[in-house]
Q: 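The structure's right below; bear with me while I get my questions together.
Numbers here simply count residues along the sequence, with the first being 1. Quick caveat: nothing in here was measured; it's all calculated off a predicted structure. Every heavy atom of this structure was used, including side-chain atoms; hydrogens, water molecules and symmetry mates were not. When a ligand or atom number is given, it counts from 1 through the structure's own listing order.
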Amino acid sequence: MTVKVRFAPSPTGPLHIGGARSALFNYLFAENQGGTFILRIEDTDLERSSRESEESIIAALRWLGISWNEGIEVGGENGPYRQTERLDTYREYTDKLLQEGHAYLCYCTEEELEQERQELIARGETPRYLGKCRNLTAEQRQAYEAEGRKPVVRFKVPAGEQIVINDLVRGKVVFDSDGIGDYIIVKSDGIPTYNFAVVIDDVLMGITHVIRGEEHLSNTPRQVLIYQALGMKAPEFAHISLILNNEGRKMSKRDGDTSVIDYYNKGYLPQAVVNFIALLGWSPAGEQEFFTMEELKKEFSLERVSKSPAVFDLNKLNYINSHYLKQTPAEELVDLAWPFLKEQGLFLKDELTEADREWITGMLEAVREKINNLSEIKDFLHYFTGTEAEEPNEEAKAVLTGETVPAVLDLFRQKVSAALNLDIAEGKKILKEIGKELGLKGKDVFMPVRIALTGQMHGPDLDRIIALLGKENIEARLEQTFNIIK
Ligand code: GLU
């Protein structure tokens, strides 16, 4: 059997971490098995769906490096791949279900349904549709139609049946059909519901494995009943666990960034995000923690997907991202960092010069080990650029009152101004010479210079700060310091 899987997002917002994980697991499974991966858009919720969301989901998938062999944008023999473009197909199957007595028209109003709901709740029963319109006569139907009522189509759930799902992740899960009321498969505007359209599409597209989030497990018996009614074989199911926050609750928007785009915006690298979400529920056989996409494709299997919930741990993502940041070649990192510098009003131009690239490379060398993501660069820029240092605190100010400080800073100012090429080596040389010429210990030179230039007692490598600041900024910052100490 050739594996065929799909990711079928509803375009009602950006791609969330949970959706990205479903997409990734499907992709990895297909790649691992030499199968096909389809991207289908489930846009039957007309009010909440938008092309904009669809495009942002696609952009997020592409950014992660997830591609598909069939579906939206790439085409294929089972299209169209957007559900609103498949309405004729669903209609065909609706008619079949109606004709064969597996479905019926229901004319109940909102009020009638609400009343039934309340009555069931009052009796302590699960609210569900009890089948009032199951056996309407032709006359009754006509009467409702004459009133102008628009029917929905409901699926006739067989009584007293056990629906058994042998889930590849969760094992055997049994549902009782009596707990499921007759559910709507086509709304009064003729648009199919998710549970119906998903079955038709999965069947017609030849899907062999449905890999999706656990929140859809309760939909599965409704889908299985439709497969049965149509006399079609259901695919294998694999429901992957919920993603919980640190407090053990289902991750929600309140937990901060839940969309893939948030991580893109913060300057996480796609390799890191992929590596991180691969480990949300899947675990490798060995101890390895860093995986390229190629390695994941080789290693991935549904057997190693856990049924316990996955916990979203931002520290772990940061740890993984730092790893990839350190691995990224300097040239590449310059291009990745540039947008984040632009956000801070730096390098607002169309092209970087060699000198710009050199400066950015030097800056990145100084911060690369300290940042979790590229947006954190902004917290370090005050060290390297601009005419003003941070305001020193009391402790730092006290250092500046030292007896030898004016002499150190004066000499530093002269030497910087005389330097022909103020690079890291030159910065180092200047600091060394000052110590020698004034007969001072290293610390008595470094500390006043560091505080004068940055306002702080700690920070990145001082030689680098000197080289990155350049003569003019150094001069301005020294001036500022002289104003404080005089
Ligand atoms: N459109 C559904 C969703 O976005 C897909 C569920 C499924 O994979 O069957 O949740």
Side-chain angles (χ1 to χ4, degrees), residues 3-30 35-58 60-61 66 68 70-72 78 80-87 90 163 165 167-170 173 175 183-185 187 191-227 232 234-243 250-253 258-260 277 281 302 305:
V3 160
K4 214 168 179 198
V5 291
R6 84 305 192 272
F7 176 52
S10 302
T12 55
L15 182 66
H16 286 268
I17 292 291
R21 182 188 55 167
S22 296
L24 180 66
F25 283 14
N26 276 288
Y27 173 64
L28 295 176
F29 183 63
T36 303
F37 176 41
I38 299 185
L39 177 66
R40 179 174 77 220
I41 295 292
E42 301 204 322
D43 57 350
T44 55
D45 184 340
L46 304 183
E47 257 165 48
R48 295 175 59 227
S49 298
S50 73
R51 273 302 165 96
E52 198 191 351
S53 294
E54 179 183 314
E55 277 157 23
S56 87
I57 290 170
I58 291 173
L61 291 172
I66 296 174
W68 45 101
E70 195 184 314
I72 291 288
N78 301 294
Y81 294 93
R82 206 174 274 118
Q83 288 189 326
T84 48
E85 291 165 19
R86 302 172 59 78
L87 298 180
Y90 307 127
I163 304 144
I165 293 150
D167 193 277
L168 295 177
V169 172
R170 323 211 78 77
V173 190
F175 292 90
Y183 48 93
I184 299 176
I185 56 172
K187 292 174 273 185
I191 306 289
T193 58
Y194 156 68
N195 274 323
F196 179 47
V198 76
V199 168
I200 305 305
D201 289 350
D202 284 343
V203 158
L204 296 182
M205 293 179 188
I207 299 302
T208 59
H209 296 74
V210 167
I211 305 168
R212 62 186 172 197
E214 190 187 341
E215 63 273 21
H216 285 295
L217 185 60
S218 60
N219 284 321
T220 310
R222 291 172 174 79
Q223 295 168 17
V224 167
L225 288 172
I226 299 176
Y227 285 106
M232 287 162 166
E236 300 281 353
F237 292 100
H239 286 94
I240 44 186
S241 297
L242 299 178
I243 302 175
K250 187 171 183 237
M251 204 165 80
S252 76
K253 289 216 178 86
T258 53
S259 302
V260 171
I277 59 182
L302 289 173
V305 172

Q: Rounded to the nearest 0.5 Å, what separates atom CZ in Arg170 from atom CZ in Phe237?
A: 14.0 Å
Q: Can you find a heavy atom in the side chain of Ser252 that is under 4.5 Å from one in the side chain of Thr258?
A: no
Q: Just one of Ile38, Asn26, Leu61 clears the side chain to side chain contact (heavy atoms under 4.5 Å, CB included) bar with Trp68, so which one?
A: Leu61
Q: At less than 3.5 Å, what protein N or O atoms come close to the N or O atoms of ligand 1? Include the distances to 0.1 Å.
A:
{"from": "ligand 1", "atom 1": "1 (N)", "to": "Ala8", "atom 2": "O", "distance (Å)": "2.8"}
{"from": "ligand 1", "atom 1": "1 (N)", "to": "Ser10", "atom 2": "OG", "distance (Å)": "2.9"}
{"from": "ligand 1", "atom 1": "1 (N)", "to": "Glu42", "atom 2": "OE1", "distance (Å)": "2.6"}
{"from": "ligand 1", "atom 1": "4 (O)", "to": "Ser10", "atom 2": "N", "distance (Å)": "3.2"}
{"from": "ligand 1", "atom 1": "4 (O)", "to": "Ser10", "atom 2": "OG", "distance (Å)": "3.3"}
{"from": "ligand 1", "atom 1": "8 (O)", "to": "Arg6", "atom 2": "NH1", "distance (Å)": "2.7"}
{"from": "ligand 1", "atom 1": "8 (O)", "to": "Arg6", "atom 2": "NH2", "distance (Å)": "3.4"}
{"from": "ligand 1", "atom 1": "9 (O)", "to": "Arg6", "atom 2": "NH2", "distance (Å)": "2.9"}
{"from": "ligand 1", "atom 1": "9 (O)", "to": "Tyr194", "atom 2": "OH", "distance (Å)": "2.6"}
{"from": "ligand 1", "atom 1": "9 (O)", "to": "Arg212", "atom 2": "NH1", "distance (Å)": "2.8"}
{"from": "ligand 1", "atom 1": "10 (O)", "to": "His216", "atom 2": "NE2", "distance (Å)": "2.7"}

Q: Report the C-alpha separation of Tyr194 and Gln223 in whole Å, then their side-chain angles, then the decisive distance to 0.1 Å, and conclude whether the side-chain contact (heavy atoms from CB on, under 4.5 Å) test is met.
A: CA-CA 9 Å; Tyr194 156 68; Gln223 295 168 17; 3.3 Å; yes
Q: Could you tell me if the side chain of Leu225 sits less than 4.5 Å from the side chain of Tyr183, heavy atoms only?
A: yes
Q: Determine, for Glu215 against Lys250, whether the closest basic-nitrogen to carboxylate-oxygen distance falls under 4.0 angstrom.
A: no
